[in-house]
Novice: 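Dumping the structure here so I can ask a few things about it.
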Amino acid sequence: MGVFWMVIFVGFVGFIFGLTLNHFLPLLFIKNNKLGDLPRGSFGYLPLLGETLAFLNPHPSTTIGSFLQEHCSRYGKVFKSHLFFSPTIVSCDQELNYFILQNEDKLFECSYPKPIHGVLGKISMLVVVGDTHKRLRNAALSLVSTTKSKHDFLTYIEKTTLQILDSWKDKKQVIFCQEARKFTFNVIVKQVLGLTPEEPQTVEILEDFLTFMRGLISFPLYIPGTPYANAVKARIRISSSVKQIIKERRRNNIISNNNYNICENKNINSHKKESDFLEILLGVDTLSEDEKVSFVLDALLGGYETTSILMALVVHFVAKSRAAFEQLKVEHASIRSKKNKDESLNWEDYKMMTFTQNIINEALRYGNIVKFLHRKALKDIKFKDYLIPAGWKVLPILSTVHLDPSIHSSPLEFYPWRWETQRQDQTSKKFTPFGGGSRCCPGSELARVEVAFFLHHLVQNFRWSVEGDDQPIAYPYVEFQRGLVLNVEHFAL
């Protein structure tokens, strides 16, 4: 019996020693120190985890958090650490961040933790690199440019806005994050799949999508019943639903084409085809069937979560700024005054919403929906006097640039008027809310349109205030702790 426990003890010591050696080993094998020295920093004392737990410690998204504050004060804006099971270079430096984003697939590549791949799928546009990413991104850009100014798309956004706001008229309070997610899901599922909220397929997809979202932000433990395992299964079910929708759409298109030919021969008007993302996507020959399904899931994810959080940030910050609210009212009243009573908004109206864009820009800068990006160095790289070793994880921190007082005047204030004088050629370095370079979010303009149209009707029909001291928290994903409860007051124009 004593020998048994001795073997267990020796094995345990060996395991701990192995973990510790693996943790600090990268520091011993830096091959190309002629390029420079590693940035200062600390690996922490936890094998594998390093400083990950401290890095992920929740904090208001309008701040950089205590971890980055302390490390930047001690080591500077570029430092080494051990995060997400890997030796890491952390960049809070504007110039290095820009350098990383502009050298995608040359010196750096996207490198999300493996568990993320398990939920998103191996061919998600968020995780793939190289030619596969280029093909998916080109398809996304083509779809967005084709869709963003289309009458049907804009009309449906406005219709959904009015339905949501109409349900508020007799309420004193609403949980805005719930309302925003309802709005964005209804818009994106219609635009991508051609489904309305009342259809049974929409309800099924929404249930699975909520399970998918909970797992995406959970601890990556694949044991039956855990949120992560449930999310992986939910993604499989959503993929199956999308494949079935694609199959039905193709069958309907064949029937429609046959009917069109018959009607054309008889000079009869035929029913027009769907004009959603899926219809256009089916005609893209450069993507495989699985890539098209994955593309649909990416579109649902981006159009649902990111846009709803942006809406919540805008509503939250405007509630705190009476001057911003009043100027928004003036802008949108001016736009509405040039239209007939029930006339829909159009692309020209959207382009006139200049102060609205300032509000959105400032909410993105101050609220920081995306705190940082995951990248990996493809080779030994010299930046200034620093060495970035090949194979190391590299984290460009976007929020530190947005909140840097040497870059933005009074950065810890919500001040949308700063964007009236902001030169566009400077924003690529100072302002990167959707990433940058070849991986900049292709759907960002769609999110702006949805928020702008929603604000158009909100400021003309409601006053609101935030209940309590709810604020956006970076987990690192941004969320309001209590769902952003609003006290609302409807008024007639």
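Everything numeric in this text was worked out from a predicted model, so none of it was measured. Note that these values count all heavy atoms, side chains included, but never hydrogens, waters or copies made by symmetry. Quick note: residue numbers are just sequence positions, from 1.
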Novice: Indicate the atoms forming the closest heavy-atom contact of K393 with S111, along with that distance.
Specialist: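 Smallest heavy-atom distance, with atoms named: NZ-O, 2.8 Å.
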
Novice: Compare every heavy atom of A231 with every heavy atom of V119, then report the nearest pair and how far apart it is.
Specialist: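 Reported closest heavy-atom pair: CG1-CB, 4.2 Å.
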
Novice: Mind telling me whether W392 and F43 have parallel, tilted or perpendicular rings, with 30° and 60° as the class edges?
Specialist: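 Taking W392 first and then F43, their aromatic rings sit tilted (interplane angle of 30° to 60°).
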
Novice: Test I100 against L96 for side-chain contact (heavy atoms from CB on, under 4.5 Å), laying out the working first.
Specialist: CA-CA 6 Å; I100 294 167; L96 179 52; 4.0 Å; yes

Novice: Any heavy-atom pair between the side chains of S410 and Y415 that's under 4.5 Å?
Specialist: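 No. Closest side-chain heavy atoms not under 4.5 Å.
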
Novice: The test is side-chain contact (heavy atoms from CB on, under 4.5 Å); show your working for V127 and K122 and say whether it passes.
Specialist: CA-CA 7 Å; V127 300; K122 294 180 180 179; 6.0 Å; no

Novice: Write down the atom of L287, the atom of A139, and the distance for their closest heavy-atom approach.
Specialist: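 That would be CD1-CB, 3.9 Å.
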
Novice: Indicate whether the side chain of S438 and that of H133 have a donor and an acceptor atom separated by less than 3.5 Å.
Specialist: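 S438 vs H133: no donor-acceptor pair found between side chains.
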
Novice: Can you measure from CG (L398) to CG (L364) and round to the nearest 0.5 angstrom?
Specialist: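 Taking CG in L398 and CG in L364, the distance rounds to 11.5 Å.
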
Novice: Given 3.5 Å as the limit, does a donor-acceptor pair link the side chain of H316 with the main chain of A312, or not?
Specialist: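 The answer is no, because no donor-acceptor pair under 3.5 Å joins these two groups.
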
Novice: Can a side-chain donor-acceptor contact be found between E331 and T356 if the only test is distance below 3.5 angstrom?
Specialist: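 Yes, side-chain donor-acceptor contact under 3.5 Å.
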
Novice: Ring centres under 6.0 Å, that's the criterion: do F355 and W417 meet it?
Specialist: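 So the answer is yes for these two rings.
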
Novice: Do F55 and F372 make the cut of ring centroids closer than 6.0 angstrom?
Specialist: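 Yes, the ring centres sit under 6.0 Å apart.
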
Novice: Side chains of S91 and N97 only: does a donor on one sit below 3.5 Å from an acceptor on the other?
Specialist: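 The answer is yes; a qualifying pair exists.
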
Novice: Could you tell me the separation between the OG1 atom of T307 and the CZ atom of F183, rounded to the nearest 0.5 Å?
Specialist: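 One gets 9.0 Å once the value is rounded to the nearest 0.5 Å.
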
Novice: Quick check, are the ring centers of F431 and H402 under 6.0 angstrom apart?
Specialist: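 Ring-ring flag for F431/H402: true, centres closer than 6.0 Å.
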
Novice: Could you pull out all residues at least two apart from F153 that satisfy ring pair (Phe, Tyr, Trp, His ring centres under 6.0 Å)?
Specialist: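 With sequence neighbours excluded, F153 shows a ring pair (Phe, Tyr, Trp, His ring centres under 6.0 Å) to no residue whatsoever.
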
Novice: What heavy-atom pair brings V232 and G118 nearest, and what distance separates the two atoms?
Specialist: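 Scanning both residues, the minimum pair turns out to be CG2-O, 3.7 Å.
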
Novice: What I want to find out is whether R181 reaches E479 closely enough, with some N-O distance under 4.0 Å, to be called a salt bridge.
Specialist: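 Answer for the salt bridge query: yes.
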
Novice: Please report the interatomic distance CG(L328) to OG(S321), rounded to the nearest 0.5 Å.
Specialist: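 Between atom CG of L328 and atom OG of S321 there are 9.0 Å.
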
Novice: Check the pair T132, R135 against side-chain contact (heavy atoms from CB on, under 4.5 Å), reporting the backbone distance first and the verdict last.
Specialist: CA-CA 5 Å; T132 302; R135 285 189 293 105; 3.8 Å; yes

Novice: Do the side chains of R439 and D105 get close enough for a salt bridge, i.e. N-O under 4.0 angstrom?
Specialist: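 No salt bridge links R439 with D105.
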
Novice: Check E104, H374, K376 against C110 for a side-chain contact (heavy atoms from CB on, under 4.5 Å) and give me the one that passes.
Specialist: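 One option only clears the test, and that one is E104.
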
Novice: For the residue pair G225 and N230, what are the closest heavy atoms and their distance?
Specialist: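 For G225 versus N230, the nearest heavy atoms are O-ND2, 3.4 Å.
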
Novice: Is it true that a side-chain atom of S73 and a backbone atom of Q69 form a donor plus acceptor pair closer than 3.5 Å?
Specialist: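 Between the backbone of Q69 and the side chain of S73 there is a qualifying donor-acceptor contact (under 3.5 Å).
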
Novice: Is it true that the side chains of H457 and E158 contain a donor and an acceptor less than 3.5 Å apart?
Specialist: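 Checked: H457/E158 side chains pair up, N/O donor to acceptor below 3.5 Å.
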
Novice: Whether the side chain of S124 engages the backbone of G121 through a donor-acceptor N/O pair (distance < 3.5 Å, no angle test) should be reported.
Specialist: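 Looks like no, no N/O pair under 3.5 Å.
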
Novice: Can you spot which of K351, R448, E362 makes a side-chain hydrogen bond (donor to acceptor under 3.5 Å, both in side chains) with Q357?
Specialist: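 The passing option is R448.
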
Novice: Out of curiosity, E420 CD to T354 OG1, how far, rounded to the nearest 0.5 Å?
Specialist: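 Reported value, rounded in 0.5 Å steps: 8.0 Å.
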
Novice: Quick check: closest heavy atoms across E291 and I123, and the distance to 0.1 Å?
Specialist: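 Closest pair (atom of E291, atom of I123, distance): N-CD1, 3.7 Å.
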
Novice: Within this structure, what is the OG1-CG distance for the pair T161 and L458, rounded to the nearest 0.5 Å?
Specialist: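 Spacing of OG1 (T161) from CG (L458) equals 9.5 Å.
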
Novice: NE2 of H332 to CD of Q460: how many Å apart, nearest 0.5 Å?
Specialist: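 H332 atom NE2 to Q460 atom CD measures 7.5 Å (nearest 0.5 Å).
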
Novice: Test Y112 against L120 for side-chain contact (heavy atoms from CB on, under 4.5 Å), laying out the working first.
Specialist: CA-CA 11 Å; Y112 281 90; L120 293 178; over 6 Å; no

